[in-house]
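Here is the structure we will look at.
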2 protein chains.
Amino acid sequence: MSRNNAGLTEDRIITEALRIIDGQGLRRLTMRRLGDALEVEAMAIYHHFPLGKEQLFDAIVAYVSDVARPAADEGGADGAGGEADSDGEEREPAAPDPRPWDERLRAWAADYRRALLAHAQALPLFIHRRPDTEAAMRSLEVLYAAFTEAGLAGADVVRAAAALDSYVTGAVVREVRAEGLPAQRPAALDGRFPHVTALREVRPDPEAVFTAGLDALLRALTAPAASA
Amino acid sequence: MSRNNAGLTEDRIITEALRIIDGQGLRRLTMRRLGDALEVEAMAIYHHFPLGKEQLFDAIVAYVSDVARPAADEGGADGAGGEADSDGEEREPAAPDPRPWDERLRAWAADYRRALLAHAQALPLFIHRRPDTEAAMRSLEVLYAAFTEAGLAGADVVRAAAALDSYVTGAVVREVRAEGLPAQRPAALDGRFPHVTALREVRPDPEAVFTAGLDALLRALTAPAASA
DNA sequence: ACCTGAACACCGTTCAAGT
DNA sequence: ACCTGAACACCGTTCAAGT
């Protein structure tokens, strides 16, 4: 009786794909391996993602980008009881966040960074894909609303949101790139690089680096004289 | 007589690989296709990159990251006359850049952004690879020297350089992600996203967005009270 | 509707061989 | 030293078929 209808859902496929990506790396995510992990023939996946692997990648990006997602069964128990049927439920204009605008922006940045770092191996997928989802729209609305409340208007709002998004994305890439490299090769540190040599031992905490840059950027973006 | 010694060099291989990546996309760069483009059997490439495709990818990242490279034969004529034998020549401590520190930082940012945008299709390679080259060290030295000249010291210098690098990297990713998406779906723009709706028509010039964010960040990083 | 199984046109890489 | 050619163990995807 377990021949057909193996209980495949998009969510189960995405979650399992992310488990493989996180554990073994993006390049080891193959349709055949994913099928094995789901205890299904690889070709069964095409029934849920008819456009193949590219469509699966799009779905993974959208999934990870949805920062506000409950984030329940990631890596813990299996996702046997979580039917995520969330249509038709959130039509109201979303209860306004009571926190001041700068706290909201900091929270957004922290959440976004955390979501990306949690699936660092999937990051290459994010470069040429932008999720066209309500969650993405919600994110943009949060940024625009906060910067407007901070006193900006028009193009300044759009520019500020772009700068903040750039910074967080780049910071995550930076943190991920730093991993797995042998600090600084002392071999190459000769007289041509005096400043690098002098600061060789300075390794500030990554989280502190992120926060310091974020603070500086937010301060500058919302300073009264910021309309260039 | 043209059976052996087809004149393969690392540089020729990298340049041709980049041409394929830029023209057809990263996924279409295969060893066989690259061999065809070089008019050589695919397996010949392994003689110059014994560790295979991964090593070739590393070399591509190092090549593109070397912003100060002459940048001659990219896409123009073929590279028949450019033997880049540059060892043992640059031992002197590099003539100091006469420009003020903020100009140097802006120039670095502009150069880096341009280099990345010129090979946007190769960007996914940059996420988990950091070139361990002299050129990379030179870049870091430029940043550290400029921020020191701006009045920072110690961890503040490292943090400022990290923030600037994050911003530029993220800005490029942002610009690349923006391509090929149909603006904003008016379908999803209902009452829940009033700010996004209001700013729908505001599409500032990408270059201006980049510069505005860069200016704001530099201002904040080098402001007297920036030592958090 | 949902999944299987065989098949096709590719991959990256190894290895022995040529010159 | 530098390149070739065949071979191996994979890929993604199509397509006809099963239930």
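Just so it is clear: chains get the letters A, B, ... in the order the sequence lines come, proteins before strands, and each one is counted from 1.
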Rounded distance in Å - [atom1] ([X]) to [atom2] ([N]):
X       : N      : atom1 : atom2 : result
B/Arg32 : C/dT13 : CZ    : C1'   : 9 Å
A/Met31 : D/dT14 : CE    : P     : 10 Å
B/Arg28 : D/dG12 : CZ    : P     : 16 Å
A/Leu56 : D/dG12 : CG    : P     : 10 Å

Check ion pair [X]-[Y] (N to O, under 4.0 angstrom):
X        : Y        : value
B/Arg138 : B/Glu141 : no
A/Asp22  : A/Arg19  : no
A/Glu207 : A/Arg113 : yes

Hey, does B/Arg33 reach any base, or is it just sugar-phosphate, or nothing, if we go heavy atoms under 4.0 Å? sugar-phosphate
Numerically ordered, the residues 36-55 of chain B set in heavy-atom contact under 4.0 Å with DNA chain D is B/Val40, B/Glu41, B/Met43, B/Ala44, B/His47, B/His48
Is DNA chain D part of any stem, that is, at least 3 consecutive Watson-Crick or G-U pairs with both distances under 3.5 Å, and where? C:4-8 with D:12-16, C:12-16 with D:4-8
Specify the closest pair of heavy atoms between A/Ala17 and A/Ile60, including all atoms of both residues, with the distance to one decimal. CB-CD1, 3.9 Å
Which pairs count as salt bridge (Lys or Arg N to Asp or Glu O under 4.0 Å) when at least one residue sits in residues 46-60 of chain A, sequence neighbours excluded? A/Glu54-A/Arg129, A/Glu54-B/Arg27, A/Asp58-A/Arg129
From B/Phe147 atom CZ to B/Leu105 atom CG, the distance as rounded to the nearest 0.5 Å: 4.5 Å
Measure the spacing between CD of A/Glu134 and CZ of B/Phe193 and express it to the nearest 0.5 Å. 5.5 Å
Whichever of B/Arg27 and B/Leu8 has its nearest DNA chain D nucleotide further upstream toward 5': B/Leu8
Is the number of heavy atoms from other residues, nucleotides or ligands within 6.0 Å of CD (B/Gln24) greater than 12? yes
